[in-house]
Protein chains: 2
Amino acid sequence: MRRTRQVTILSVAAAAGVSKSTVSRVMNETPNVDPQIVTRVRDAAARLGYRPSGTAQNLSRGRTGIVGVLVPDLANPLFATILKGISAEAEQDGYRTLVADANEQPGEELRHLNELARQSDGLILCGPRMSTPELAGLAELDVPIVLVNRKPDRNLFPSVTVDSQEAVMDLCRHLDGFGHTSLCYLGGPSHAAAEADRWSALQSSIRSRTKLYRVPAGAMLDDGHAAAEAALATGATCLIGFNDLVALGAVARLQELGIAVPGQISVAGFDDIVYARFTLPGLTTVAMPQTEFGQEAWRLLSPYLHSRKTRRTRTLSAHLVIRGSTGPRRN
Amino acid sequence: MRRTRQVTILSVAAAAGVSKSTVSRVMNETPNVDPQIVTRVRDAAARLGYRPSGTAQNLSRGRTGIVGVLVPDLANPLFATILKGISAEAEQDGYRTLVADANEQPGEELRHLNELARQSDGLILCGPRMSTPELAGLAELDVPIVLVNRKPDRNLFPSVTVDSQEAVMDLCRHLDGFGHTSLCYLGGPSHAAAEADRWSALQSSIRSRTKLYRVPAGAMLDDGHAAAEAALATGATCLIGFNDLVALGAVARLQELGIAVPGQISVAGFDDIVYARFTLPGLTTVAMPQTEFGQEAWRLLSPYLHSRKTRRTRTLSAHLVIRGSTGPRRN
DNA sequence: TCATCGTGAGGAACCGGTTCCACACCCGAG
DNA sequence: CTCGGGTGTGGAACCGGTTCCTCACGATGA
C-alpha cells in the first residue's frame with residue numbers, strides 16, 4: 001500500500017513559488033535565506049498543514065534519532081526505572097527510545113534485536129539473558145551497542161555494570177549478626193550476568209560456619225512464589241531472592257503458608273525496586289543504582305553514535321538497604 | 001554526517017551479477033524468480049553481510065511498522081502493564097512500540113506526540129492528561145489514534161475506556177459496612193479523564209449520611225505522601241487515592257506518623273497495580289483491566305492502520321478487590 | 001509456422017526529504 | 001569599467017530500498 005501523503009515538500013514549494021531546496025532550507029533554519037521568502041514559505045507550510053516526513057528525513061540524514069532499548073521484563077520496576085533514566089537523558093540529545101520487551105525469554109532477545117537494529121542508531125541492552133557467543137555475534141549488527149549490567153565478552157562493547165561485592169558482604173554480615181547460619185539463594189535466569197555475580201558474591205561473603213543453599217527460581221514474581229517451598233525444605237532460616245520480585249513472590253508464598261516474616265524466616269532481595277519499601281515488612285535488599293544505570297548507559301552510547309572511538313566501561317556500586325524483612329533467627 | 005553504509009542493495013546486485021530489482025525480489029521472497037538466481041543472490045547477501053536498511057524500506061513502503069505509545073508515567077506499573085499488553089499484541093502483527101513517557105507533565109505530551117507521529121503509523125494515548133481542545137487538535141496529525149482510558153471529544157478517536165461506576169459503588173458499600181461515614185478522596189491530575197470519572201462515581205455512590213472530602217494530590221507516590229496530612233485534617237476515617245500509587249504514598253506517610261492502617265484509618269486506591277497485593281496490609285482497590293486495556297487498544301488501532309474505516313469505542317469494566325487496608329471504623 | 005501467452009529479469013520512476021554544485025546577481029575595490 | 005567575492009536560489013544527485021513497466025525468451029496451441 002502506497003499511502004499518498006497529501007502534502008509533501010513539493011506541495012509547499014509550489015504553493016510558495018520556490019524550489020524544494022529552499023523549502024528545506026527554511027524548515028531547517030539555514031542562514032542566508034531571504035527573510036521575505038522565509039515568511040512566504042512558512043505561511044505556505046502552515047496553510048497546507050505541512051509536516052515533514054520523518055522517514056524521508058531519516059533516510060537522507062542517515063540517522064533515525066532512535067535508540068533501541070532491550071529489557072528482559074518491563075513489568076520489573078527496575079527496568080522501568082532504568083528505561084526512564086535512559087529516555088530522560090537521550091531526549092535531551094534529541095533521541096527517542098524504541099523499547100523491546102523480551103518477557104524473560106532469552107530466545108526472544110535476538111529476534112527483537114535484529115529488528116531494533118534496523119530502526120535505530122544505537123542499542124542499549126539491559127541485563128541481556130542471551131549466551132556469550134550470541135552476545136558476541138551482535139557485533140555484526142554494525143550498530144553501536146552498550147550493555148547495562150552485563151560484562152561484555154572480550155570487552156567487545158562499552159558497558160555499565162555494578163559491583164555488588166561490598167554490599168553483599170554487608171548483607172551477609174547483617175544476617176550473621178542476626179544469627180543466621182544457613183541461607184538459601186533463589187537463583188535467577190542462568191545466562192543473566194547478575195545471576196553469576198550475585199551467586200559468587202554470596203559464596204565469597206559468607207562466613208565459614210554458614211551454609212549456603214541454592215534453589216533455582218527465575219526473575220519474576222511467580223518464580224519466587226513457586227520456589228519458596230523448595231527453599232524452605234533446605235532448612236535455611238533466611239531466603240535471598242535473585243531480585244526483589246523473586247523475594248516478594250517468596251514472601252507472598254510464605255504468608256500463604258502462615259509463616260511469619262521475619263518472625264520465622266528472614267527474606268532479602270536485590271535491586272531495591274520502588275515497591276520494596278512499601279511492603280510490610282519492608283524488604284531488605286541490595287540496592288542497584290537504577291537511574292544512574294540509565295544515565296551512564298546513555299553517556300557511554302551518545303559519543304559512540306557520532307564517532308566509533310569511545311569504548312569504555314563504567315562500574316557503579318550497590319549498597320545495602322536494611323528494612324524489616326530480615327530479623328533475628330528464631331528457631 | 002552522511003554515514004556511508006558499506007553494503008547496500010547495489011553491492012549485492014553487483015556481487016551476484018543481477019539488477020537491484022532482482023535482489024529486492026529475492027529478499028522479499030517474491031514468486032517467479034529463477035531458483036539458481038535466488039541462491040546466487042542469497043549467497044552474495046550472506047557473504048557481504050547485507051542487511052536491508054529499515055529506513056529505506058520504511059520510505060518506499062510508506063509505513064514504518066512502528067506504533068507510538070504515550071504514557072503519563074512508565075514508573076506506574078499500571079502503564080507498564082498496559083504497555084506490555086500493547087506490545088504483545090502489536091508484535092504479532094509485526095509492529096513495534098515507540099514509547100514516550102510524559103513524566104506526568106501535561107505540557108510534555110504534545111511535544112512528544114509531534115515527534116512520535118512522524119515516526120509511527122499509529123498512536124495509542126494512555127490516559128492523556130492534556131486538555132480537551134489539545135486532544136481534539138491531534139486530529140491534524142493525520143495519523144490513526146486510539147485513546148486508552150479517556151473518552152474522546154466528540155467521538156473523534158476510537159477509544160477503550162472503563163466503567164468504574166459499579167465497582168465504586170461496591171467500594172462505598174464495603175466502606176459503609178465498616179461504618180465509615182466520612183471519606184477523603186486524594187484527587188489526581190485535573191485533566192486526567194480518570195480523575196473526573198472517579199470523583200463523580202464516588203459522589204454518586206456514597207450514602208446521603210456520608211461526607212465526602214476532596215484534597216488535591218496527583219498521580220505519583222510522592223503526591224500521595226505529601227497530601228496525606230491534609231487529608232487527615234479533614235477528619236475522614238478513610239482515604240481513597242486517585243490511584244494505587246497515591247494511596248501507597250499516603251499509607252507510607254501515615255506509617256511515618258505512627259498511624260495504623262487500617263487500625264486507625266482505612267485506605268483504598270484505584271488500578272490494582274501488581275504490588276498492591278504485596279503491601280501489608282494489602283491495598284483495597286478498584287481494579288482496572290490492565291492487560292485488556294492494551295489488547296483492546298491494539299485491536300481498535302490495528303484495522304484502522306490499513307483502512308480509515310473503523311471508529312469504535314470499547315468499554316471494559318472494573319471490579320473491587322478487597323484487601324487488608326480497609327477495616328472497621330475505629331474512632 | 002506463426003501468433004499468443006506466461007515467465008523472469010532489467011530499467012526507471014518513485015518514496016520525500018537533504019545537500020552539493022553551479023550560477024545569477026549585487027556590491028565594493030582596483 | 002572590470003574583476004573578485006559574498007549572497008541567495010534552483011537544479012540535480014543522493015539516501016536505499018520497492019514496484020511498475022517493458023521486453024526478451026521459450027513453450028504452447030491453432
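All of these numbers come straight from a predicted model, not from anything done at the bench. Computed from heavy atoms alone, side chains included, the values below leave out hydrogens, waters and symmetry copies. So that the names make sense, note that chain A is the first sequence line, chain B the second, and so on, each numbered from 1.
A/Tyr95 carries A/Arg63 over the face of its six-membered ring, with the cationic atom under 6.0 Å from the centre and within 45° of the normal.
Residue contacts shown for B/Ile37 are limited to sugar-phosphate atoms, with no base heavy atom under 4.0 Å away.
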Can you check side chain to side chain contact (heavy atoms under 4.5 Å, CB included) on B/Asn149 and B/Cys126, steps first, answer last? CA-CA 6 Å; B/Asn149 213 359; B/Cys126 298; over 6 Å; no
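The interatomic distance linking B/Gln36 (CD) with C/dA9 (C1') rounds to 14 Å, in whole Å. Rounded to whole angstrom, the span from the CD atom of A/Gln119 across to the C1' atom of D/dG16 amounts to 14 Å. Here the C1' atom of nucleotide D/dG10 and the CD1 atom of A/Ile9 are 13 Å apart, to the nearest Å. The distance from atom CZ of B/Arg61 to atom P of D/dT18 is 5 Å, rounded to the nearest whole Å. Per the geometry, CG belonging to A/Leu59 stands 8 Å off C1' belonging to D/dG17, to the nearest Å. Regarding B/Leu48, its CG atom lies at a distance of 15 Å from the P atom of D/dG16, rounded to whole Å. Atoms CZ (A/Arg63) and P (D/dC14) sit 23 Å apart, rounded to a whole Å. Note: CG (A/Asn58) to C1' (D/dC14) measures 16 Å, nearest angstrom.
Remark: B/Asp93 pairs with B/Trp298 by the side chain to side chain donor-acceptor pair (under 3.5 Å) rule, at least two apart or across chains. Listed by chain and residue number, nothing satisfies the side chain to side chain donor-acceptor pair (under 3.5 Å) test with A/Glu109 (two or more places apart in sequence, or in another chain). Residues that satisfy the ring-ring contact (aromatic ring centres under 6.0 Å, His included) test with A/Phe79, not counting sequence neighbours, are absent from this structure. Here B/Phe293 pairs with nothing under the ring-ring contact (aromatic ring centres under 6.0 Å, His included) rule; sequence neighbours left out. Scored by the side chain to side chain donor-acceptor pair (under 3.5 Å) test, A/Gln290 finds no partners at all (sequence neighbours excluded). Partners of A/Glu108 by side chain to side chain donor-acceptor pair (under 3.5 Å), not counting sequence neighbours, listed by chain and number: A/Arg111.
Counting only residues at least two apart or on different chains, no ring pair (Phe, Tyr, Trp, His ring centres under 6.0 Å) pair has a member in residues 99-152 of chain B. Residue pairs meeting the side-chain hydrogen bond (donor to acceptor under 3.5 Å, both in side chains) criterion with at least one partner in residues 36-46 of chain B, sequence neighbours excluded, do not occur; the list is empty.
A/Glu91 contributes atom CD, which lies 8.5 Å from atom OG1 of A/Thr97 (distance to the nearest 0.5 angstrom). Here B/Leu113 contributes atom CG and B/Glu134 contributes atom CD; the two are 10.0 Å apart, rounded to the nearest 0.5 Å. One finds the CG atom of B/Leu110 at 7.5 Å from the OG atom of B/Ser131 (value rounded to the nearest 0.5 Å).
Side-chain contact, A/Asn58 with B/Gln119: a donor N or O sits under 3.5 Å from an acceptor N or O.
The stretch residues 18-29 of chain B touches DNA chain C through B/Val18, B/Ser19, B/Ser21, B/Thr22, B/Arg25, each having a heavy atom within less than 4.0 Å of the strand.
When each of C/dG8, D/dG16, C/dT18 is scored by its nearest atom to the side-chain atoms of B/Asp34, the top-ranked nucleotide is C/dG8. Set against D/dG17, C/dA9, C/dG17, the side chain of A/Ser60 has C/dG17 as its closest nucleotide.
When the C1' atoms of four end pairs are superposed on the next four at each end of the helix from C/dT1-D/dA30 to C/dG30-D/dC1, using five pairs per end, the two resulting axes differ in direction by 60°, to 10°.
Using a 4.0 Å cut-off, no side-chain N or O of B/Gln57 falls inside it from OP1 or OP2 of D/dG16.
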Summary of protein contacts for nucleotides 22-27 of chain C, nucleotide by nucleotide, where a base hit scores B, a sugar-phosphate-only hit scores S (4.0 Å, heavy atoms): ------
All N/O pairs under 3.5 Å across the protein-nucleotides 24-28 of chain D interface:
none

